[in-house]
2 protein chains.
Amino acid sequence: MERFTPRIRDVARIAGVSTATVSRALSKPDLVSAETLETVRAAVAETGYTINHAARNLRQQRTMGVVALVPNLANPFFSRILAGVSAVLTQAGYNLLVVDTAGPGVDPHIARTLDRSRADGLIVFDGLLPSEDLRPDPLRPPLVMACEWIEDLSAPRIRIDNEAGARLAVAHLAQLGHARIGHLPGPAANVLARARADGTRKELLAQGLPIRSDWFLPGDFSLDSGRRGARDWIAMQDRPTAMFCASDQMACGFIGEAQRRGFRVPQDVSVVGFDNIDLVDHITPALTTIRQPRWSIGEAAAQVLLSLMADAGAPPPDTVLPVELIIRHSSAAPGAG
Amino acid sequence: MERFTPRIRDVARIAGVSTATVSRALSKPDLVSAETLETVRAAVAETGYTINHAARNLRQQRTMGVVALVPNLANPFFSRILAGVSAVLTQAGYNLLVVDTAGPGVDPHIARTLDRSRADGLIVFDGLLPSEDLRPDPLRPPLVMACEWIEDLSAPRIRIDNEAGARLAVAHLAQLGHARIGHLPGPAANVLARARADGTRKELLAQGLPIRSDWFLPGDFSLDSGRRGARDWIAMQDRPTAMFCASDQMACGFIGEAQRRGFRVPQDVSVVGFDNIDLVDHITPALTTIRQPRWSIGEAAAQVLLSLMADAGAPPPDTVLPVELIIRHSSAAPGAG
DNA sequence: CTGCAAGCTGTAATCGATTTCAGGAACCTG
DNA sequence: CAGGTTCCTGAAATCGATTACAGCTTGCAG
């Protein structure tokens with residue numbers, strides 16, 4: 001009565017053929033005669049055989065797995081992106097492994113352990129990983145960088161035009177009539193933060209508006225730093241009338257704190273965010289922001305990686321997805337109302 | 001000049017020992033003399049040897065991987081849970097694989113393919129998977145259910161007390177003086193939705209308040225169904241003064257739509273949500289809700305699974321984590337203001 | 001000095017598939 | 001009918017580790 005896991009050789013025995021034939025019947029049916037195929041199918045059904053993936057993987061020298069390296073899995077920003085990645089990978093028969101590169105006690109050189117026996121491909125969402133652990137190397141699986149990137153690492157990038165997004169935001173505020181525009185950037189180490197700050201400066205310049213370093217407050221993308229930003233803003237005697245925040249989280253923190261201190265948004269200060277994360281159209285006032293196509297970013301990253309794994313030919317070095325300004329109610333003409 | 005991936009036999013050759021010794025030196029150093037250990041270490045360093053996981057997995061008959069079956073990965077509700085899972089698994093040397101059971105074109109019998117050669121354990125977050133695909137079976141890896149569960153499947157459950165959460169919410173509204181309390185539940189097929197609806201009824205009963213079926217509106221957890229709920233609520237001539245929504249998403253949708261139609265929250269209607277997802281303390285009014293300890297749920301699920309995989313002894317059949325009422329500004333005495 | 005245990009190491013089997021190579025049968029072709 | 005294809009199949013090598021088993025040293029007790 002005890003059960004045991006059937007092996008390919010059990011199927012072969014019952015079907016009266018060799019294991020080679022069973023293997024072919026299952027993975028390359030064209031190579032096998034119709035009649036043998038039928039016999040094998042019957043034997044498979046009878047035994048309830050299922051393939052042992054470890055054995056196949058060893059023989060074929062691949063894992064059918066792709067690792068996504070995510071900085072802080074707890075950040076809901078990544079959920080939709082990972083869903084896009086998952087959809088494409090599943091379709092192609094690959095498994096999605098997720099590694100949180102920012103968990104407590106995570107080895108900073110985690111990427112070093114990701115060789116070809118662990119994954120067939122890597123999607124790197126963390127721009128702060130040491131580049132020497134990811135350098136092209138025959139031992140290392142192909143990789144793409146998505147959202148963030150590592151400056152001195154040559155690999156396909158899937159990203160949005162962060163600079164253009166920032167410029168859209170600033171241009172929007174300028175068009176509303178704001179001449180005093182401040183910026184709450186992300187952490188200086190982060191490439192996205194730098195790109196968005198650069199875009200902010202460029203558009204201010206293009207609009208002929210002042211670029212004042214005291215209006216560039218310290219920020220780190222977090223809700224809390226948004227709150228601190230609001231306090232800093234309040235503390236100034238010579239305040240900007242509009243703030244462009246490099247993340248929606250900060251924008252929410254900023255608005256919440258400003259309101260708590262008795263300021264009205266957008267009457268006293270206009271706020272624009274970045275990302276269009278869930279629910280920001282439900283805060284009051286609904287947040288004007290720059291939308292990132294998160295699902296598409298995930299899809300595109302997976303697709304580029306698949307083509308990279310398939311032929312290793314020259315892949316598109318950069319995929320830049322469009323951003324979009326979404327105007328809601330946190331931005332208005334200065335002094336309005 | 002061409003590189004090749006070093007094998008254990010290359011290390012053995014260079015160290016002048018057998019592959020068995022190298023294997024032991026690396027995984028059970030106690031069995032090897034100090035001197036040999038040193039030689040092997042040197043040879044490993046010289047060759048840059050790294051283990052081939054596929055080979056080890058085949059031999060040891062395990063994958064060092066755990067699959068999380070998530071209904072709709074795009075739902076940010078799961079991000080913090082997965083982060084908790086990841087933290088515990090990583091610590092224990094396991095990989096986290098994520099499968100979206102609700103993606104377009106996903107095989108509804110996906111769970112059937114998850115045998116021991118694919119994963120050493122399963123964490124099921126989806127209560128709607130067919131139970132026959134998950135029944136205990138020597139071919140199938142051990143499994144735990146988290147958040148949701150499958151009624152007729154016996155497996156450890158890690159969950160919150162949904163009924164108690166619902167009762168907290170209703171009791172809070174009753175205490176504020178509401179006598180006309182409605183409910184916006186999740187989809188009837190969902191166990192969480194049923195548990196929360198049951199809790200709602202029980203507490204209404206306990207408080208001596210009416211349980212009116214016309215005040216139990218149709219809902220499905222989504223933002224949109226929250227909006228529809230608000231429209232349904234508005235359409236009633238005999239409205240409840242408070243609504244308990246079975247998810248924060250619905251609560252946000254409800255509040256947004258109600259406000260858009262000219263009603264004030266909480267003056268015209270009090271709203272309580274469930275989940276305490278990110279940013280609901282930043283909507284206006286800040287949402288009163290039931291907090292789920294999402295990170296802890298993930299951690300606990302991973303821990304129970306690990307112990308299940310380790311000894312297969314009798315595991316704790318149910319882990320119930322505490323919920324907490326978080327009072328913010330979307331609930332107030334009826335007619336206040 | 002013999003016998004036995006303890007400690008270390010190597011040989012070879014093993015995990016369970018895929019795939020190369022070779023061979024047999026059937027079918028053409030000239 | 002000889003020679004060449006084409007089609008199908010099986011034997012055996014292979015992927016790269018772990019580990020059961022056995023053998024060799026060495027040390028110690030009797």
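Naming: A, B, ... by sequence-line order, numbering from 1 per chain.
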Quiz item: To the nearest Å, how far apart are Met64(B) CE and dT18(D) C1'?
Solution: 15 Å
Exercise. Using whole Å, report how far CZ of Arg62(B) lies from C1' of dG16(C).
Key: 17 Å
Exercise. For Leu37(B) and for Ala55(B), locate the closest nucleotide of DNA chain C by heavy-atom distance; then report the residue assigned to the nucleotide nearer the 5' terminus.
Key: Leu37(B)
Quiz item: Is the phosphate of dG16(D), meaning OP1 or OP2, less than 4.0 Å from a side-chain N or O of Gln61(A)?
Solution: yes
Practice problem: Output the single nucleotide from dT18(D), dT18(C), dC15(C) whose closest atom is nearest the side chain of Leu58(B). | Solution: dC15(C)
Self-check item: Contact under 4.0 Å: Ser33(B) side-chain N or O vs dT9(C) OP1/OP2
Solution: yes
Practice problem: Check step by step if side-chain contact (heavy atoms from CB on, under 4.5 Å) holds for Leu321(B) and Ile297(B). | Solution: CA-CA 7 Å; Leu321(B) 296 170; Ile297(B) 292 174; 3.6 Å; yes
Quiz item: Less than 4.5 Å apart, any side-chain heavy atom of Asn190(B) and any of Arg194(B)?
Solution: no
Exercise. Consider the side chain of Ile51(A), meaning its heavy atoms from C-beta on, and name the nucleotide among dT18(C), dT9(D), dT18(D) that approaches it most closely.
Key: dT18(C)
Practice problem: Mark yes or no for whether Arg294(B), through its side chain, and Phe77(B), through its backbone, hold a donor-acceptor pair below 3.5 Å. | Solution: yes
Practice problem: Please tell me which of the listed nucleotides, dT18(D), dG10(D), dG10(C), lies nearest to the side chain of Ser18(A)? | Solution: dG10(D)
Exercise. Give the rounded distance in Å between these two atoms: CZ of Arg7(B) and P of dC15(D).
Key: 9 Å
Practice problem: Kindly point out which of dT18(D), dT9(C), dT18(C) is positioned nearest to the side chain of Thr19(A)? | Solution: dT18(C)
Quiz item: What is the distance, rounded to the nearest whole Å, between atom CD of Gln60(B) and atom P of dG16(D)?
Solution: 17 Å
Exercise. Specify the separation, in whole Å, of atom CZ of Arg13(B) and atom C1' of dT9(C).
Key: 19 Å
Quiz item: Rounded to whole angstrom units, what separation is found between the CZ atom of Arg9(B) and the C1' atom of dT11(C)?
Solution: 15 Å
Practice problem: Report yes if at least one side-chain N or O of Tyr49(A) is closer than 4.0 Å to OP1 or OP2 of dG16(C); otherwise report no. | Solution: no
Quiz prompt | N/O donor-acceptor pair, side chain Arg59(A) with base dT14(D), under 3.5 angstrom | solution = yes
Practice problem: Provide, to the nearest angstrom, the distance between the CZ atom belonging to Arg56(B) and the C1' atom belonging to dG16(D). | Solution: 12 Å
Practice problem: Please determine if a side-chain N or O atom of Lys28(A) lies less than 4.0 Å away from the OP1 or OP2 oxygen of dT19(C). | Solution: yes
Practice problem: Mark yes when over 12 heavy atoms from residues, nucleotides or ligands other than Glu151(A) sit less than 6.0 Å from its CD; otherwise mark no. | Solution: yes
Practice problem: Scan Asp133(B), Asp137(B), Asp107(B) and name whichever one has a salt bridge (Lys or Arg N to Asp or Glu O under 4.0 Å) with Arg112(B). | Solution: Asp133(B)
Quiz item: For Thr21(B) and dG10(C), is the shortest distance between a side-chain N/O and OP1 or OP2 below 4.0 Å?
Solution: yes
Quiz item: Can you find a donor-acceptor pair, distance only, under 3.5 Å between Arg24(B) side chain and dG10(C) base?
Solution: yes
